[in-house]
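First comes the structure, then the notes that go with it.
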Amino acid sequence: MAPEFSRPERLDTIGAGARSVTVEADADERRRLAGRFGLVSVERLAAWFEVRREAAGIAVEGRVEATVVQACSVTGDPLPATVDEPVRLLFVEPSAGGEEIELSDDAIDTVEIESGALDLGEAAAETMALALDPFPRSPAAEAALKEAGVLSEGESGPFAALKALKKD
C-alpha cells in the first residue's frame, strides 16, 4: 500500500550535482495523514530538500514545516502545534544480510531505497510525526486529572509517604 503522501524521486533522475526538491501535501493527503498519525488535522505539510549522490548513497538534507492540530492526551481538547524540523537522511541500497548497525548519536539516519526511488513525501511525513509531542497536554489537563483523582508524581512517588510523616 502506498503512503498517504508519496513523492518518489527516481534514482535515474538524480545526477552528479545537488538538486533542490520541494514537496507539499494537498488537502486529501493531509486528511489521510491526520488519520494515520492520530491527529485532529494537518493544516499544512511542506518540505524543502537538497538531494545529492555520495559514495555511501543518496544524501538528503533539508527542512520540514507543518502546522497541525493534536488532541490533548487528557481532555481531548484541540491543541495547535507547529513543526520546523531539520532533516538529514542517507538513502542506501538494501543490505543483503539484514544486519543491524550500531550508530552514534550524531550519525545520519539511514533509509533503505525501495523500488528504485526515494520517497521524499514519506520522509517529510515521518519527520513531522516524530517531531510532535507524543502526549500533548492542554492548560486544562492538570485540573481534569486532579478532578478524576489522579495523583501527581510528587503526591504518589516513593517519597510521598515520607513527606506525610514529616512534622510541620
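Computed over heavy atoms, backbone and side chain alike; hydrogens, waters and symmetry mates excluded.
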List the atom of F5, the atom of A124, and the distance in Å for their closest heavy-atom pair.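 Scanning both residues, the minimum pair turns out to be CE2-CB, 4.1 Å.
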
Taking all atoms of both residues into account, what is the closest heavy-atom pair of R30 and A25, and its distance? NH1-O, 3.0 Å

Set of side chain to side chain contact (heavy atoms under 4.5 Å, CB included) partners for [X], sequence neighbours left out:
X   : value
D28 : D26, R31, R32
A56 : L90
A34 : L39, V42
S41 : E43, V69

Taking salt bridge (charged side-chain N to carboxylate O under 4.0 Å, His left out) as the test, write out the residues that go with E9, two or more places apart. R19

CG on L120 to CG on L89, rounded to 0.5 Å: 8.5 Å

Starting at CG of L118, measure out to CZ of F91 and round the result to the nearest 0.5 Å. 5.0 Å

Polar side-chain atom of [X] near backbone of [Y] as donor-acceptor pair, under 3.5 Å:
X   : Y   : result
R53 : I14 : yes
R7  : T22 : no
R63 : W48 : no

With E61 via side-chain hydrogen bond (donor to acceptor under 3.5 Å, both in side chains) - residues at least two apart: R52

Pairs touching residues 118-136 that satisfy side-chain hydrogen bond (donor to acceptor under 3.5 Å, both in side chains), sequence neighbours left out: S6-D119, R36-E122

Could you tell me if the side chain of I58 sits less than 4.5 Å from the side chain of L11, heavy atoms only?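 Sidechains of I58 and L11: in contact.
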
Do V83 and L45 come within less than 4.5 Å of each other through their side chains, counting heavy atoms only? no

Report, as yes or no, whether the 6.0 Å neighbourhood of atom CD on E114 holds more than 12 heavy atoms from other residues, nucleotides or ligands.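 It does not: E114 CD has 12 such atoms or fewer within range.
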
Applying a strict under-4.5 Å side-chain criterion to I, L, V, M, F, W and Y, I'd like to know whether V51 and V111 cluster together.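 Same hydrophobic cluster.
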
Applying salt bridge (charged side-chain N to carboxylate O under 4.0 Å, His left out), which residue pairs with at least one partner in residues 65-75 are found, sequence neighbours left out?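 Output for this query lists R44-E65.
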
